[in-house]
Amino acid sequence: MVRWAALAVACMMAGPAAAEPVPPRDGLNAVLWMQTSAEYKAATIGAFAAARVALAAALADPDWTAAPEQGAGFRDLPPAVILDVDDTVLDTGPYQAWLVATGAEYGAESFSDWVEERGAEAVPGAVEYLAFLRERGIVAVFVSNRAARLEEATRDALAAIGATFPKDADTVMLKRERKEWTVLKGSRRAEAAKRYRILQVMGDNLGDFVDEIGGTVPERAQAVLKRADFWGSKWVMLPNPVYGSWEAALAAPDARSEDERRAEKLRALSPWK
Ligand SMILES: [Mg+2]
C-alpha cells in the first residue's frame, strides 16, 4: 500500500511533462492502426490468401478477365495481374508515421527521399502472393502513381520482396512515364490488357480499379456497386484509412488549413442524433 502511494506521488511529480499539450494530428489513429494493430495484419494476410484462391480459378477459366479494359481475343494472351505499389505490396508506414510525428504535410520531395532509401517492407501477405505468381508463371504488372524518376528505386524495393520483371516488357508503369499516363490509371491498365490476360487487380484505392474516383461520396459508392461481383476475386481491395481519394471526396482539398479540413470532415459524419 505504502509502495503504491509512493508510486502515485512519483507519478504526480512526473506530471508536468505528461500534461504538455499534444498537437492534434489527424492521421495518428489511422497510421497507428496500420503500423501496430494485429487487425490490419489479419486483414491484409486474409485478402492476399483469398486472392490466391481466386487466381487458381482464374487460371483454369480462359474466359476469365478482371479488366473491363480488356479487348477481344484475350484468351491466348499470357496471364498477368495488375498491382498497385504503395500500401498494396510495399508498406509506406514509416513515411506516414514521420508525417504524423513531425506534423509535416505530405510532399513529393520528402516522399521521394523516403523511396530512394529503398527500405520499404512488404505489406503482410504480399511476399507469399508474389511467390505464388512466380510459381504459376503469372506476370505482375505494377501500376503506381509514384513519379517516373523513381522507377529504379521502386524496382529495387519490389525485387527485395520477391517481385520479378520479364525482360521483354516494362511491367513497372509509373505516372507520366508516357505523356498520356496521368494520375488516372485506366490508360495503363488498358496498355497491360493489350499484352496480357488480366486475372486480377489489387489495390488500396478506388483509382487502382476504376477511373471514376473524383465524384461525391455516393457517386464513388455507385462506382463500387457497378462491379459488385468483381470484389473479392477479380478485384481485391486492401484497407488504407490513412490517405486516398476517399479523403478528397470529403471536399477537403489540400490547399486548406488542417483546421478547415477537420471541420469539413466533422460535417461529413452521419451521427445517430
Ligand atoms: Mg496504393
Side-chain angles (χ1 to χ4, degrees), residues 34-35 40-41 44-45 47-49 51-52 54-56 58-59 66-67 77-98 108-178 181 183 185 188-189 191-205 207-209 236-238 240 242-243:
M34 287 180 80
Q35 279 208 307
Y40 173 67
K41 291 177 178 60
T44 62
I45 289 169
F48 278 113
R52 292 201 306 266
L55 268 187
L59 271 175
L77 296 176
V81 298
I82 294 176
L83 304 174
D84 170 52
V85 173
D86 289 316
D87 299 298
T88 296
V89 292
L90 291 178
D91 168 20
T92 73
Y95 176 74
Q96 310 300 337
W98 174 80
E109 205 175 317
S110 60
F111 184 69
S112 295
D113 289 348
W114 180 76
V115 168
E116 292 288 2
E117 284 191 8
R118 296 159 163 79
E121 291 187 13
V123 168
V127 168
E128 293 77 4
Y129 181 84
L130 292 171
F132 184 91
L133 299 182
R134 286 197 310 275
E135 287 157 15
R136 305 294 175 107
I138 301 169
V139 171
V141 178
F142 296 95
V143 176
S144 162
N145 280 339
R146 287 185 174 188
R149 66 192 155 82
L150 295 173
E151 174 142 356
E152 200 189 315
T154 300
R155 282 174 180 268
D156 288 349
L158 290 171
I161 65 164
T164 54
F165 312 104
K167 291 201 166 46
D168 64 335
D170 179 7
T171 50
V172 180
M173 304 164 88
L174 303 186
K175 189 173 66 178
R176 292 289 179 197
E177 212 174 296
R178 293 188 197 167
W181 291 0
V183 68
K185 294 179 166 180
R188 282 174 278 172
R189 286 191 295 268
E191 184 69 27
K194 276 188 220 161
R195 189 180 276 266
Y196 303 105
R197 178 163 77 96
I198 307 301
L199 304 183
Q200 200 163 57
V201 183
M202 289 194 75
D204 67 313
N205 197 314
D208 298 327
F209 306 89
V236 180
M237 182 76 86
L238 295 160
N240 183 351
V242 176
Y243 64 90

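Excluded from the calculations below are hydrogen atoms, water molecules and symmetry mates; all remaining heavy atoms, backbone and side chain alike, are included. Only a predicted model underlies this, so the values are computations on that prediction, with no experimental measurement involved.
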Peer 1: Report the distance from atom CG of L174 to atom CH2 of W181, rounding to the nearest 0.5 Å.
Peer 2: 8.5 Å
Peer 1: Supply the atom-to-atom distance K194 NZ to R189 CZ, rounded to the nearest 0.5 angstrom.
Peer 2: 14.5 Å
Peer 1: Nearest 0.5 angstrom please: D84 CG to F142 CZ, how far?
Peer 2: 10.0 Å
Peer 1: Return the CD to CG distance between E116 and L150, rounded to the nearest 0.5 Å.
Peer 2: 5.5 Å
Peer 1: Ring-plane angle category for Y95 and F111, please: parallel below 30°, perpendicular beyond 60°, tilted otherwise.
Peer 2: perpendicular
Peer 1: Could you check if a side-chain atom of Q35 sits within less than 4.5 angstrom of a side-chain atom of P94, using non-hydrogen atoms only?
Peer 2: yes
Peer 1: With a 4.5 Å heavy-atom cut-off, do W114 and T92 have their side chains touching?
Peer 2: yes
Peer 1: Would you say the side chain of M34 lies within less than 4.5 Å of the side chain of Q96, judging by non-hydrogen atoms?
Peer 2: no
Peer 1: If every non-hydrogen atom of L133 is compared with every non-hydrogen atom of A140, which pair is closest and at what distance?
Peer 2: CD1-CB, 3.8 Å
Peer 1: Nearest heavy-atom pair of T171 and Y196: which atoms, and what distance?
Peer 2: CG2-OH, 3.8 Å
Peer 1: Once rounded to the nearest 0.5 Å, what's the spacing between atom CG of D87 and atom CG of N240?
Peer 2: 5.0 Å
Peer 1: Heavy atoms only: give me the nearest A157-L90 pair and the separation to one decimal.
Peer 2: CB-CD1, 3.7 Å
Peer 1: Considering non-hydrogen atoms only, spot the tightest contact between V183 and K175 and give its length.
Peer 2: CA-CD, 3.9 Å
Peer 1: What pair of heavy atoms forms the shortest contact from R197 to L59, and how long is it?
Peer 2: NH2-O, 3.5 Å
Peer 1: For side chain to side chain contact (heavy atoms under 4.5 Å, CB included), just list the numbers for L130 and F48, CA-CA rounded to whole Å, side-chain angles, deciding distance to a tenth of an Å, and then say yes or no.
Peer 2: CA-CA 10 Å; L130 292 171; F48 278 113; over 6 Å; no
Peer 1: Atom CG in L199, atom CD1 in I138: separation rounded to 0.5 Å?
Peer 2: 5.5 Å
Peer 1: Any heavy-atom pair between the side chains of Y40 and V123 that's under 4.5 Å?
Peer 2: yes
Peer 1: Mind jotting down which residue pairs meet the side-chain hydrogen bond (donor to acceptor under 3.5 Å, both in side chains) criterion with at least one end in residues 140-150? Sequence neighbours excluded, please.
Peer 2: D86-R146, S112-R149, N145-R188, R146-T154
Peer 1: Hey, are the side chains of V236 and Q200 touching, using non-hydrogen atoms and a 4.5 Å cut-off?
Peer 2: yes
Peer 1: Where do M173 and V141 land on the side chain to side chain contact (heavy atoms under 4.5 Å, CB included) test, with the steps shown first?
Peer 2: CA-CA 8 Å; M173 304 164 88; V141 178; 3.5 Å; yes
Peer 1: Output every pair passing salt bridge (charged side-chain N to carboxylate O under 4.0 Å, His left out) with a member in residues 161-173, not counting sequence neighbours, ordered by first then second residue.
Peer 2: R155-D170
Peer 1: Could you tell me whether a side-chain N or O of T44 sits under 3.5 Å from a main-chain N or O of G125, the two making a donor and an acceptor?
Peer 2: no
Peer 1: Give a yes or no on this: more than 12 heavy atoms of other residues, nucleotides or ligands lie within 6.0 Å of atom CD of E191.
Peer 2: yes
Peer 1: Check whether R134 reaches the backbone of G162 with its side chain - one donor and one acceptor, N or O, closer than 3.5 Å.
Peer 2: yes
Peer 1: Nearest heavy-atom pair of A56 and R136: which atoms, and what distance?
Peer 2: CB-NH1, 4.5 Å
